[in-house]
Protein chains: 2
Amino acid sequence: MKSSQTIFNDTPLYAQIRAFIVARMHHGEWQPGDRIPGETELAKEYEVSQGTVRKAIDSLVENRLLLRRQGKGTYVASHNSELKLFHFFNISPNEGGRVLPETKVLTVDKRTGLHHELAALEMPAGTEVIHITRVRHLAGPPVIYETMTICANRFKSVLDLTKKQILNNIYELYEQNFGVIIRRTKDKVYAVAASALQAQLLDIEASTPLLCVHRLALDLEDTPVEYRETFCLTQNHHYHSRLS
Amino acid sequence: MKSSQTIFNDTPLYAQIRAFIVARMHHGEWQPGDRIPGETELAKEYEVSQGTVRKAIDSLVENRLLLRRQGKGTYVASHNSELKLFHFFNISPNEGGRVLPETKVLTVDKRTGLHHELAALEMPAGTEVIHITRVRHLAGPPVIYETMTICANRFKSVLDLTKKQILNNIYELYEQNFGVIIRRTKDKVYAVAASALQAQLLDIEASTPLLCVHRLALDLEDTPVEYRETFCLTQNHHYHSRLS
DNA sequence: TAGTGGTCTAGACCACGCC
DNA sequence: GCGTGGTCTAGACCACTAC
């Protein structure tokens, strides 16, 4: 990169290149599934060495924003690829392998966000949100009741979809319809007693212990996108996580 | 690395170097907290370029087995360093910052492992284990009841310790007394109703919903080391996890 | 055969911590 | 000033994919 173009002399070159690449993905120039230019080409374009571009791409591959295919090229990651299908869905049967959930959307409403929802999403009081509730099955009776809250402005056209059009993997919907890519989530997990409504929907007795997950999903720029509350029966299923 | 010494021509050089470094840590030549030789020195020793050693170290730093200090050197990570204190302890108060738990050890016994314990630890039926139970407080009344199961052979001298000598951060004990470094954990999380014993120990009513975590802790070589069952009150606390 | 990512080298300069 | 890790370069060869 020519010194005359170097704006941020305090940040490493590869970090600047990485930011440029993320910006082009975020802006929509490179869509999920697209192949991006080769390392040598990007190196020429930005006037840096191929090794520096490689280092920038390395860190994006680590964060699963890009994926490499040897001999073919580097691609923008997509949530609907097999690898990512289960990535943010960490509830599994106790016995047997992972199961893709079936989903029934119950309600889709627009309303003013509640205090704790807006606090989680870092939005000012009074902001309009879209509120979705749904029940999910995992190869059997219903085991998950879930509510999701998203910004009404950013996801306005969700209201135009029928309940059946709302995808099972809603992160895929964010990506395909709104260009919003979920990079990471923060979960807080509790044990609670089932409310009357939850008991009815999950066909259990009230006060049955339920796993309760408060999840915040963040996009590429670490902006909160969705606040979700998941209530899960853990008789035959569990929530899993790995630390390393 | 001279070609005559190259044993695994199918694996990349940097991966071989990484394996050598891990072996020297695992073997005890480099203890937690030690400084390892500089990149140039290791490069000379293994007869590879400094860049290759760097790539090997990079991946170990990512996995938190090593940590770099610019201008000083590269160090073997230690669980008692501030950075790692909370790393595998992911239960926090709902309000306020993280709190270091106080711990009271209840029992330390040697017995034959139960079926599900040995299955988790991948040990043959009939293996002897050490079983520890304890209660933990987080700046207030007790909120955690926990049982831990470890291999009796590997951790024999734990039986010689008094209950007070068993450290609050038991992974630190594994590291300091046995040279076992925990690299990662796999958690399965459930919601359950408190048993009579748990209710008594946590001073709550029986059937109160409790968070139940089944945790397997693995060492550097991905061998299961400890199986733990944690029961946690989530009135004022929560279990947290991040996916990315 | 041509282009891509994957690995590896040798050497350069910088920023930091320490003496 | 010296040694450390941190960044960057220019070029090499390999393995894989596609034509």
Side-chain angles (χ1 to χ4, degrees), chain A residues 1-21 25 30 33-77 81 83, chain B residues 1-21 25 30 33-77 81 83:
Chain A
M1 188 178 289
K2 283 284 177 288
S3 58
S4 61
Q5 298 179 4
T6 307
I7 299 173
F8 307 109
N9 283 312
D10 52 335
T11 59
L13 247 187
Y14 72 83
Q16 298 177 41
I17 304 298
R18 180 179 55 202
F20 287 142
I21 294 174
M25 288 194 289
W30 297 331
D34 285 357
R35 213 204 73 168
I36 72 172
E39 294 176 356
T40 51
E41 192 175 332
L42 287 172
K44 268 185 208 160
E45 182 180 340
Y46 289 117
E47 299 186 57
V48 299
S49 77
Q50 189 245 21
T52 300
V53 170
R54 167 159 275 267
K55 193 163 181 179
I57 291 178
D58 274 347
S59 78
L60 293 172
V61 169
E62 263 167 46
N63 283 1
R64 289 188 215 76
L65 304 187
L66 295 176
L67 59 92
R68 304 181 196 270
R69 293 184 200 161
Q70 184 167 155
K72 296 185 74 174
T74 303
Y75 295 77
V76 181
S81 74
L83 284 175
Chain B
M1 188 178 288
K2 286 282 177 286
S3 59
S4 60
Q5 299 179 4
T6 307
I7 301 171
F8 307 109
N9 283 311
D10 51 335
T11 57
L13 247 189
Y14 72 85
Q16 297 177 42
I17 304 298
R18 180 179 56 202
F20 287 143
I21 293 174
M25 288 194 288
W30 297 330
D34 285 357
R35 215 204 70 172
I36 73 171
E39 294 176 355
T40 51
E41 193 175 332
L42 286 172
K44 268 183 207 160
E45 181 180 341
Y46 289 118
E47 299 186 59
V48 299
S49 78
Q50 189 246 19
T52 301
V53 170
R54 167 159 275 266
K55 194 162 181 179
I57 292 178
D58 274 347
S59 78
L60 293 173
V61 169
E62 264 167 46
N63 283 1
R64 289 188 216 75
L65 304 188
L66 296 176
L67 59 92
R68 303 183 196 271
R69 294 184 198 160
Q70 184 168 155
K72 295 186 74 174
T74 302
Y75 295 77
V76 181
S81 74
L83 285 174

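Sequence lines set the chain letters: A, B, ... in the order given, protein chains first and strands last, and positions in each chain run from 1.
In this structure, the CD atom of B:Gln16 is 13 Å from the C1' atom of C:dC8, given to the nearest Å. Computed from coordinates, the B:Asp58 CG to C:dT7 P distance equals 13 Å when rounded to whole Å. Regarding A:Glu62, its CD atom lies at a distance of 16 Å from the C1' atom of C:dG5, rounded to whole Å. Look at CG on B:Leu42: it is 17 Å from P on D:dG3, rounded to the nearest Å. Atom-to-atom, NZ of B:Lys44 to C1' of C:dT9 comes out at 16 Å; the value is rounded to the nearest Å. Put simply, CG on B:Leu67 is 14 Å from C1' on D:dT4, counting in whole angstrom units. Rounded to whole Å, atom P of C:dA2 lies 21 Å from atom CD of A:Glu39. What separates CD1 of A:Ile36 from C1' of C:dG3 is a distance of 15 Å, to the nearest Å.
Counting heavy atoms from C-beta outward, A:Pro37 and A:Trp30 have side chains that approach closer than 4.5 Å. Contact check for B:Glu45 versus B:Leu42: side-chain heavy atoms found under the 4.5 Å cut-off.
Remark: A:Ser59 engages A:Arg18 in a side-chain hydrogen bond (donor to acceptor under 3.5 Å, both in side chains) (not counting sequence neighbours). Residues that satisfy the side-chain contact (heavy atoms from CB on, under 4.5 Å) test with A:Lys72, not counting sequence neighbours, are A:Arg69, A:Tyr75. For B:Thr74, there are no side-chain hydrogen bond (donor to acceptor under 3.5 Å, both in side chains) partners two or more places apart in sequence or in a different chain. A search for side-chain hydrogen bond (donor to acceptor under 3.5 Å, both in side chains) contacts involving B:Asp58 returns B:Arg68, not counting sequence neighbours.
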If the sugar-phosphate is the primed atoms plus P, OP1 and OP2 and the base is the rest, what is the B/S/- string for nucleotides 10-16 of chain D, using protein heavy atoms under 4.0 Å?
-----BB
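Proximity note for B:Leu13 (side chain, C-beta onward) versus C:dT4, D:dG6, C:dT9: the nearest is C:dT9. In this structure, of D:dC8, D:dG5, C:dG5, it is C:dG5 that holds the atom nearest to the side chain of A:Arg54.
Applying the 4.0 Å criterion to OP1 and OP2 of D:dT7, one finds that A:Tyr14 has a side-chain N or O inside that range. For A:Arg69, no side-chain nitrogen or oxygen approaches OP1 or OP2 of C:dG5 to under 4.0 Å. Distances shown here put every side-chain N or O of A:Thr74 at or beyond 4.0 Å from the OP1 or OP2 atom of C:dT4.
Nucleotides of DNA chain C nearest to B:Lys55 and A:Glu41 differ in position, and the one nearer the 5' end is that of A:Glu41. Position along DNA chain D of the nearest nucleotide to A:Ala15 versus B:Gly73 favours B:Gly73 as the more 5'-ward residue.
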